[in-house]
Amino acid sequence: MARNIFNQPPKDEKEPAAPSPAPVKSAKLPGSVGGLRDSLREITANSIRDIEPDRIIMDGLRDRLILEDSSIDDLAESIRKHGQQVPIMVRPSDQPDRYRIIYGRRRLAAIRKVGGTIKAIVRTLDDDASLIAQGQENNLRLDPSFIEKSIFIKEMQESGYKPGVIQDALGLTRQGVSNHRVVIEQLPIELVRLIGPAHGVGRRQWSDLAALSKKAPLVDIARETLTALPDATPSADRFQAVYVACSRKARRTAKVTHGQTTVVKDKSGRPVGTVSVDGKSIAIKITRKENPEFGQWLEERAETTLRRLFEQWQNESDSGA
């Protein structure tokens, strides 16, 4: 089961109430965005039931970073004052008189705090249709961020959903799905949790951050950077602070590892040679003018000496030294 790891502002109960009942044309949700929007409108007008929250199983793929947070308390208070304005959607489970959540997890969590029954649309949908309904309802109402979609795509693919179903669920092309997946594969999931959904931060910015992972410890830097920020700092600002800190660390590391040269001296303090280290190689240089005899001796033994050093490293590595 995928974890619910995103934190969104409480938008659910600001939606208008469901329209008057109208005949339902079909119980099967189409994959297209326009068709699904019409179907959702039709479904909302019909088959709304009052269900005890403990009869609803909170399973399936989730599309939020954090479910139990302070915004759930705010949503619960809004429902307590104004009632539940928008129903959730569920489907029958294999257990008698039990249902599985399709969408509306935050509303369900809030109702559980308030108490009483929850208004729910009950539809008999298979896994693919349920996923499409969940993804499209979020797109139409919640405007998920780039990184939220990326994690949702990754979890759908890992759960075995077909490419066409994933595309329909988020209204993306095949290339669009690929663009999201490429970025999320490069990012530590813990880093995403620390930053949050970061609305307004797109693929290019997340890609730039991911590219720094080879030059700096992103998660460690993020923890240190975010600790210094106020708790209420918006997620997009958290991203920017982490990106700036990681970029600075990467630049400092690059300065250290590029063009660093050490002069090696003998016991009397006379230069023997130099060792130069950069991001690509290690070079040992002996100046023949200063040490002609040693230079000649090393030249004759260079291959054997290097091979012996390599074998010594292998032996130490194998023995755990």
Side-chain angles (χ1 to χ4, degrees), residues 1-4 6 8 11-12 15 17-64 67 84-112 117-144 148-149 151-172 177:
M1 181 185 300
R3 288 175 292 180
N4 188 359
F6 278 102
Q8 293 274 18
K11 298 182 180 178
D12 297 85
E15 296 295 325
S20 300
V24 179
K25 295 181 179 179
S26 172
K28 183 178 181 180
L29 290 178
S32 67
V33 177
L36 181 58
R37 185 184 292 108
D38 293 339
S39 184
L40 286 174
R41 189 178 297 113
E42 293 169 357
I43 291 171
T44 302
N46 296 271
S47 301
I48 299 177
R49 305 180 191 176
D50 290 324
I51 300 175
E52 293 293 337
D54 60 6
R55 289 165 55 192
I56 300 174
I57 302 169
M58 189 85 82
D59 67 352
L61 299 183
R62 301 181 183 183
D63 38 49
R64 302 293 187 90
L67 182 62
Q84 180 191 350
Q85 300 299 313
V86 181
I88 68 171
M89 180 180 282
V90 299
R91 56 174 171 160
S93 76
D94 295 335
Q95 304 176 40
D97 203 27
R98 291 290 186 272
Y99 304 89
R100 297 171 62 188
I101 188 77
I102 294 177
Y103 62 70
R105 288 173 173 78
R106 292 182 69 255
R107 277 163 278 175
L108 177 57
I111 292 290
R112 284 174 172 169
T117 59
I118 186 168
K119 298 182 186 300
I121 304 163
V122 181
R123 306 301 292 177
T124 302
L125 303 175
D126 60 19
D127 289 345
D128 288 355
S130 296
L131 186 72
I132 292 172
Q134 177 184 355
Q136 290 297 344
E137 200 263 357
N138 285 340
N139 278 344
L140 293 172
R141 286 168 34 78
L142 302 176
D143 188 25
E148 286 178 302
K149 289 183 179 180
I151 288 184
F152 196 28
I153 286 170
K154 180 180 180 181
E155 295 191 348
M156 285 188 284
Q157 291 179 330
E158 291 176 350
S159 295
Y161 285 96
K162 296 180 180 179
V165 173
I166 297 173
Q167 293 170 39
D168 287 340
L170 292 175
L172 294 173
V177 170

>> Checking K154 now: which residues fulfil salt bridge (charged side-chain N to carboxylate O under 4.0 Å, His left out) with it, not counting sequence neighbours?
In response: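 Partners of K154 by the salt bridge (charged side-chain N to carboxylate O under 4.0 Å, His left out) criterion come out as none, since no residue qualifies.
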Please find the pair of heavy atoms, one from [X] and one from [Y], that lie closest to each other, and give the distance.
{"X": "L108", "Y": "I101", "value": "CD2-CD1, 4.3 Å"}
{"X": "T117", "Y": "D50", "value": "OG1-CB, 3.6 Å"}
{"X": "R112", "Y": "P53", "value": "NH2-O, 3.2 Å"}
{"X": "A120", "Y": "V90", "value": "CB-CG2, 4.1 Å"}

> Tell me, do K119 and I88 make a side-chain contact under 4.5 Å, heavy atoms counted?
Replying inline: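 They are not in contact (no side-chain heavy atoms under 4.5 Å apart), so the answer is no.
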>> Do V177 and L170 have side chains that approach each other closer than 4.5 Å (heavy atoms only, starting at C-beta)?
In response: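 Side chain of V177 against side chain of L170, heavy atoms only: no contact under 4.5 Å found.
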> For S93, what residues pass the side chain to side chain contact (heavy atoms under 4.5 Å, CB included) criterion, not counting sequence neighbours?
Replying inline: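 Side chain to side chain contact (heavy atoms under 4.5 Å, CB included) check on S93 returns I57, Q95, R98, R100.
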> Can you list the residues that meet the side chain to side chain contact (heavy atoms under 4.5 Å, CB included) rule with P92, with sequence neighbours excluded?
Replying inline: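 If we apply the side chain to side chain contact (heavy atoms under 4.5 Å, CB included) test to P92, skipping adjacent residues, the hits are V122, T124.
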Could you measure the distance from the [atom1] atom of [X] to the [atom2] atom of [Y]? Nearest 0.5 Å is fine.
{"X": "L131", "Y": "D168", "atom1": "CG", "atom2": "CG", "answer": "10.0 Å"}
{"X": "R107", "Y": "Q85", "atom1": "CZ", "atom2": "CD", "answer": "11.5 Å"}
{"X": "I121", "Y": "Y103", "atom1": "CD1", "atom2": "OH", "answer": "4.0 Å"}
{"X": "R123", "Y": "S130", "atom1": "CZ", "atom2": "OG", "answer": "11.0 Å"}

> With sequence neighbours excluded, what pairs up with D127 under the side-chain hydrogen bond (donor to acceptor under 3.5 Å, both in side chains) test?
Replying inline: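 Partners of D127 by the side-chain hydrogen bond (donor to acceptor under 3.5 Å, both in side chains) criterion, ordered by chain and then number, come out as R91.
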> With sequence neighbours excluded, what pairs up with R55 under the side-chain hydrogen bond (donor to acceptor under 3.5 Å, both in side chains) test?
Replying inline: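 If we apply the side-chain hydrogen bond (donor to acceptor under 3.5 Å, both in side chains) test to R55, skipping adjacent residues, the hits are D97.
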>> Looking at D54, I want to see if its CG is surrounded by more than 12 non-hydrogen atoms of other residues, nucleotides or ligands under 6.0 Å.
In response: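 More than 12 heavy atoms, drawn from other residues, nucleotides or ligands, come within 6.0 Å of this atom.
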